[in-house]
Chemist: 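Supplied in C-alpha cells, the structure appears directly below.
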Amino acid sequence: MTGRPGARSERLARVATETGLFTVLAIDHVGSFAQTVNPDHPASMTADDISRAKQPIIEALGPLSRAVLIDPGCLVAMESTGRGRPEGLGLILGIEDGDYADVRTAPRLLPGWSAERAAEMGADAAKISVYYDPGGDMSAAEQFVTDVVGQCRAVGLPLFCEPLALYEHPEDRERAVLEGVRRLGPLGAEVLKLQFPVMPEAGRAAPECWAEACAEVDRLSPVPWVILSEGSDFGLFRDQVRVACAAGASGFLGGRAIWRELATGQRDAQHAAGRMTELRAAAEAEGMAWATSMARRSPIR
C-alpha cells in the first residue's frame with residue numbers, strides 16, 4: 001500500500017471545516033476518560049465500558065465538530081457493533097501507546113497498530129502524542145516522530161503530532177512548548193497539536209502576553225498548528241482558542257473542556273453542543289485555514 005501524491009492534502013480536507021479550520025472533538029482518552037467518568041473506581045471500567053460511554057458523546061457532538069479524534073479500541077468497537085461513525089464525520093485515529101507507568105518511557109505505537117492499519121480501517125489522519133524534556137535528551141521523541149512520519153507518507157495518511165512538554169514550574173512552560181515546536185515541528189507531521197504556550201499562574205496572564213507567546217509559536221512552526229484543551233476549564237479554553245487563532249492557529253482539538261459534564265451526567269448534550277458551537281465560531285472568526293497556513297510555510301511533500 002503506497003500513498004499517491006496529493007492524498008494527504010485530500011485527507012486533511014476531510015477533517016477540516018469547509019473554510020479549512022480544524023474544529024475537532026477529541027475523545028481518544030482511555031485512562032483519563034475512565035478517571036473522569038468514574039473517579040472513585042476508574043479501573044473498574046473495561047475497554048468495552050469506555051467505548052460504549054463514548055458513543056453517545058460522539059453521536060451528539062461529532063456532527064457539530066466536523067471530525068473526531070478517537071482511540072483504536074473505540075473504532076474497533078464501533079465497527080464491530082455496526083454503528084460506525086456518523087456519516088460525513090472525519091476520523092483522526094490516535095495510534096500511540098499512552099499507557100506508561102512513567103511519561104519518560106520511550107514513545108511507542110499501540111501493539112498491533114501502525115499508520116497502514118489506521119488507513120485500512122478508514123482513518124483520514126493519524127495522531128501521535130510524544131512527551132519530551134526540552135532540557136534533556138530528545139532523541140527518542142525525535143526518532144519516534146520521524147518513524148511515524150515515514151509510515152504515514154508511505155500510505156498517504158496525514159499526521160497530527162502532539163508534543164507534550166515536561167517542565168517543573170509554570171513559568172517554564174512557554175520555553176518548553178517553543179522548544180518542542182523547534183525540534184519536532186520540522187520532522188514532517190502535517191499539523192502540530194500544541195499545549196497553549198502560557199499558563200495563567202505563570203505571571204503572564206495579561207492578554208498581550210498570551211498573544212506574544214502564540215505569535216512566537218506561529219513564527220517558529222513550519223506547519224499549521226492547533227491547540228488542545230488539556231482538560232482545562234471551558235471558559236479558559238475558549239479564550240485560548242480565540243487568542244491562538246488570532247495569532248495564526250488553524251483551530252483546536254478539544255476534549256474534556258467540551259464533554260466532561262456530558263460524560264459524567266452533570267449536564268445534557270445540548271449544553272455540550274453549545275460549547276462546541278461556541279468554540280467552532282471562535283475558530284472560524286479568527287483562525288487561518290490550514291491550506292493558507294501551509295502555503296505560507298512549506299508545502300506538503
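The structure displayed is predicted, hence computed values, not measured ones. Residue numbers start at 1 and run along the sequence shown.
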Chemist: Only one of Lys127, Arg297, Arg8 forms a salt bridge (charged side-chain N to carboxylate O under 4.0 Å, His left out) with Glu190, so which one is it?
Modeler: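 Going through the options one by one, the only one that passes is Arg8.
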Chemist: Return yes when atom CZ of Arg117 has more than 12 non-hydrogen atoms of other residues, nucleotides or ligands closer than 6.0 Å, and no otherwise.
Modeler: yes
Chemist: At what distance, to the nearest 0.5 angstrom, does SG of Cys161 lie from CD of Glu96?
Modeler: 9.5 Å
Chemist: Test: ring-ring contact (aromatic ring centres under 6.0 Å, His included). Region: residues 158-182. Which pairs qualify, not counting sequence neighbours?
Modeler: Phe22-Phe160
Chemist: Are the side chain of Arg280 and the backbone N or O of Arg275 linked by a donor-acceptor pair below 3.5 Å?
Modeler: no
Chemist: Look at the side chain of Ser80 and the backbone N and O of Ala77, then say whether any donor-acceptor pair between them is shorter than 3.5 Å.
Modeler: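 Looks like yes, one N/O pair under 3.5 Å.
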Chemist: With a 4.5 Å heavy-atom cut-off, do Glu261 and Phe234 have their side chains touching?
Modeler: no
Chemist: Quick one: closest heavy-atom pair of Ile70 and Asp28, and the distance?
Modeler: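 Shortest heavy-atom separation between Ile70 and Asp28 comes out as C-CB, 3.5 Å.
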Chemist: Under 3.5 Å, is there a donor-acceptor pair between the side chain of Asp124 and the main chain of Arg11?
Modeler: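 Such a contact is absent between Asp124 side chain and Arg11 backbone.
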Chemist: Any salt bridge (charged side-chain N to carboxylate O under 4.0 Å, His left out) involving residues 246-255? Give me the pairs, sequence neighbours left out, ordered by first then second residue.
Modeler: none
Chemist: If you take all heavy atoms of Ala213 and Pro197, which pair is closest and at what distance?
Modeler: CB-CG, 3.8 Å
Chemist: Considering residues, nucleotides and ligands other than Gln266, do more than 12 of their heavy atoms fall under 6.0 Å from its CD?
Modeler: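 Yes, because the 6.0 Å sphere around CD of Gln266 holds more than 12 heavy atoms from other groups.
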Chemist: Can you tell me how far the NZ atom of Lys193 sits from the CD atom of Glu230, to the nearest 0.5 Å?
Modeler: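 Rounded to the nearest 0.5 Å, the NZ-CD separation comes out at 9.0 Å.
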Chemist: Are His271 and Leu262 packed together at the side-chain level, in the sense that at least one heavy-atom pair is separated by less than 4.5 angstrom?
Modeler: no
Chemist: According to a 4.5 Å side-chain heavy-atom criterion applied to Ile, Leu, Val, Met, Phe, Trp and Tyr, with indirect links allowed, do Phe237 and Trp259 form part of one hydrophobic cluster?
Modeler: yes
Chemist: Hey, does the side chain of Asp218 reach the backbone of Ala215 with a donor-acceptor pair shorter than 3.5 angstrom?
Modeler: no
Chemist: So, Arg260 side chain and Thr36 main chain: donor-acceptor pair closer than 3.5 Å or not?
Modeler: no
Chemist: Write down the atom of Ala118, the atom of Leu157, and the distance for their closest heavy-atom approach.
Modeler: CB-CD2, 4.0 Å
Chemist: Under a 4.5 Å side-chain heavy-atom rule over Ile, Leu, Val, Met, Phe, Trp and Tyr, are Val15 and Trp290 clustered together?
Modeler: yes
Chemist: What's the spacing between Leu159 CG and Gln151 CD if we round to 0.5 Å?
Modeler: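 If I round to the nearest 0.5 Å, the distance is 10.0 Å.
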Chemist: Would Leu12 and Val191 satisfy side-chain contact (heavy atoms from CB on, under 4.5 Å), going step by step from the backbone distance to the final call?
Modeler: CA-CA 9 Å; Leu12 269 184; Val191 182; 4.1 Å; yes
Chemist: Are any side-chain N or O atoms of Lys54 and backbone N or O atoms of Cys74, one a donor and one an acceptor, separated by less than 3.5 Å?
Modeler: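 Looks like no, no N/O pair under 3.5 Å.
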Chemist: Got a sec, which pairs hit salt bridge (charged side-chain N to carboxylate O under 4.0 Å, His left out) with one end in residues 135-148, sequence neighbours left out?
Modeler: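 Output for this query lists Glu142-Arg183.
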Chemist: Do Val68 and Val24 touch side chain to side chain, with heavy atoms closer than 4.5 Å?
Modeler: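 They are not in side-chain contact.
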Chemist: Would you check if the side chain of Ser250 reaches a backbone N or O of Met288 as a donor-acceptor pair within less than 3.5 Å?
Modeler: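 Side chain of Ser250 to backbone of Met288, a donor-acceptor pair under 3.5 Å: yes, one is there.
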Chemist: Looking at Arg66 and Gly88, what are the two nearest heavy atoms and their distance?
Modeler: NH1-O, 2.8 Å
Chemist: Shortest non-hydrogen contact from Ala176 to Tyr132?
Modeler: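 Scanning both residues completely, I find the closest heavy atoms to be O-OH, 2.6 Å.
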Chemist: Do Val243 and Gln240 come close enough that some side-chain heavy atom pair is under 4.5 Å?
Modeler: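 When only atoms from C-beta onward are counted, Gln240 and Val243 do not touch, as no gap falls below 4.5 Å.
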Chemist: With a 4.5 Å cut-off on side-chain heavy-atom distances among I, L, V, M, F, W and Y, is there a chain of contacts connecting Val241 to Leu21?
Modeler: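 No; tracing contacts between hydrophobic side chains, which count when under 4.5 Å, never links both residues.
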Chemist: Give, for atom CD1 of Ile128 and atom CG of Asp97, the distance between the pair rounded to the nearest 0.5 Å.
Modeler: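 Reported value, rounded in 0.5 Å steps: 13.0 Å.
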Chemist: Honestly curious: do Leu64 and Ile258 fall in one hydrophobic cluster under the side-chain, below-4.5 Å linking rule?
Modeler: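 Yes, same cluster.
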Chemist: Is the closest side-chain donor-acceptor distance between Asp48 and Ser51 under 3.5 Å?
Modeler: no
Chemist: Between Leu184 and Met138, is there a side-chain heavy-atom distance shorter than 4.5 Å?
Modeler: yes
Chemist: State the CG-CD1 distance between Leu75 and Ile95, to the nearest 0.5 angstrom.
Modeler: 12.0 Å
Chemist: For Ser32, does its backbone N or O pair with a side-chain atom of Arg256 as donor and acceptor, under 3.5 Å?
Modeler: no
Chemist: Locate the shortest heavy-atom distance separating Ala282 from Arg242; write the atom from each residue and the value.
Modeler: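 Nearest pair, atom of Ala282 first, then Arg242: CB-CG, 3.8 Å.
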Chemist: Would Val198 end up clustered with Val217 when hydrophobic side chains under 4.5 Å apart are linked, directly or stepwise?
Modeler: yes
Chemist: Once you round to the nearest 0.5 Å, how far does CG of Asn38 lie from CG of Asp49?
Modeler: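 One finds 9.5 Å between CG of Asn38 and CG of Asp49.
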Chemist: Would you say Met78 and Ile58 make side-chain contact, with heavy atoms under 4.5 Å?
Modeler: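 A side-chain contact exists here, since the closest heavy-atom pair is under 4.5 Å.
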Chemist: Does a side-chain heavy-atom distance below 4.5 Å link Leu25 with Leu69?
Modeler: no
Chemist: Heavy atoms, side chains only, cut-off 4.5 Å: are Trp225 and Cys214 in contact?
Modeler: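 Yes, at least one pair of side-chain atoms sits under 4.5 Å.
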Chemist: Would Leu228 and Phe252 count as a side-chain contact (heavy atoms from CB on, under 4.5 Å) here? Give the steps.
Modeler: CA-CA 6 Å; Leu228 62 146; Phe252 64 88; over 6 Å; no
